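What follows is a single structure, written as structure tokens, with notes after it.
Everything numeric in this text was worked out from a predicted model, so none of it was measured. In listed order, ligands and their atoms are each counted from 1.
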Amino acid sequence: MTFDSTTLFSRHFQLQTMMGPNCLRILDELLTRIDLPANARVLDLGCGMGLTSMALAKGYGCTVTAADLWIPAEDNARRFAEAGLSGRVTAVHCEARALPFEPESFDIVVSIDAWHYFAADSAFLTTHLLPLLRPGGLLAVGVPGLRRAFDAVPDDLRPYWVDGMNFFTLQWWREMWLQCTGLTLREAFDMGCHKQAWAEWLESDNEHAKTDMVMMDMEGGRYFATHGLICEKQNW
Ligand SMILES: C[S@@+](CC[C@H](N)C(=O)[O-])C[C@H]1O[C@@H](n2cnc3c(N)ncnc32)[C@H](O)[C@@H]1O
């Protein structure tokens with residue numbers, strides 16, 4: 001489905017609620033590759049301030065569970081109420097490795113700019129996530145990563161590099177997901193919106209955006225990419 005979620009919210013609101021490269025661009029690109037069922041039940045995992053959760057409800061007609069660790073559920077619930085979306089989006093405060101949901105609760109799990117914090121092993125998928133999807137359900141992930149692998153962190157990147165941040169190549173993610181039983185990897189691709197999503201984030205007043213601006217200036221498109229991964233839970 002092709003849709004521009006940035007038309008749903010004012011520019012000011014987007015800049016206030018983004019927590020990284022514009023998540024609405026990443027969401028829209030992922031969803032062009034997916035046939036959403038009517039009134040899909042979606043888990044937005046690592047939803048941050050819930051911008052994508054609101055877009056999924058308001059623009060895509062989904063019923064959304066907006067789950068996050070750093071942002072209090074009360075804050076997100078207030079934002080959803082102010083947007084008139086309380087009935088369509090539920091805010092939940094939780095840790096990705098202790099998700100408080102019943103088996104097969106969701107048609108789709110979406111996760112944008114959060115996956116690298118908690119999901120860089122196949123056990124996460126098989127143990128924590130797949131049980132929550134209905135058979136045939138989808139997982140759609142947009143995750144920051146590397147354009148190419150390196151043995152050692154390049155000197156110019158070193159000042160910005162945080163060890164343990166799980167920045168990997170697309171090939172790395174592809175191979176890891178191919179190891180998961182119960183899962184069919186449908187697509188793994190570098191996202192076309194990468195540059196635009198970053199440029200929009202760097203317009204934000206957020207203090208992290210200011211640091212990121214220096215880093216992105218330095219890397220000049222040499223190191224970073226946004227990877228898209230879509231997989232399906234097998235029916236057996
Ligand atoms: C960079 S923010 C992105 C938020 C949002 N998806 C967006 O793109 O604006 C990463 C999010 O991942 C969430 N996160 C990190 N580790 C997590 C964990 N272990 N369990 C649940 N959420 C986690 C944080 O709470 C944070 O809001």
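- Residues forming a ring-ring contact (aromatic ring centres under 6.0 Å, His included) with His93 (at least two apart in sequence, or on another chain): none.
- Partners of Phe9 according to the ring-ring contact (aromatic ring centres under 6.0 Å, His included) rule, which considers only residues two or more places apart in sequence or in another chain, are Phe13.
- At least one donor-acceptor pair under 3.5 Å links the side chain of Asp107 to the backbone N or O of Arg41.
- Not one N or O on the side chain of Asp113 forms a donor-acceptor pair closer than 3.5 Å with the backbone of Pro144.
- Applying the ring-ring contact (aromatic ring centres under 6.0 Å, His included) test to Phe189 and every residue at least two apart in sequence or in another chain returns nothing.
- Using the six-membered ring where Trp is involved, Trp115 and Phe118 have ring planes that are perpendicular, over 60° apart on the 30 and 60° scheme.
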List, for ligand 1, each N/O atom that has a protein N/O partner under 3.5 Å away, with both atom names and the distance.
residue	atom	partner	partner atom	Å
ligand 1	6 (N)	Gly46	O	2.8
ligand 1	6 (N)	Ile112	O	2.7
ligand 1	9 (O)	Met19	N	3.4
ligand 1	19 (N)	Glu95	OE1	3.0
ligand 1	19 (N)	Glu95	OE2	3.3
ligand 1	20 (N)	Ala96	N	2.8
ligand 1	25 (O)	Asp68	OD1	3.0
ligand 1	25 (O)	Asp68	OD2	2.7
ligand 1	25 (O)	Leu69	N	3.4
ligand 1	25 (O)	Trp70	N	2.8
ligand 1	27 (O)	Asp68	OD1	2.8
ligand 1	27 (O)	Asp68	OD2	3.0

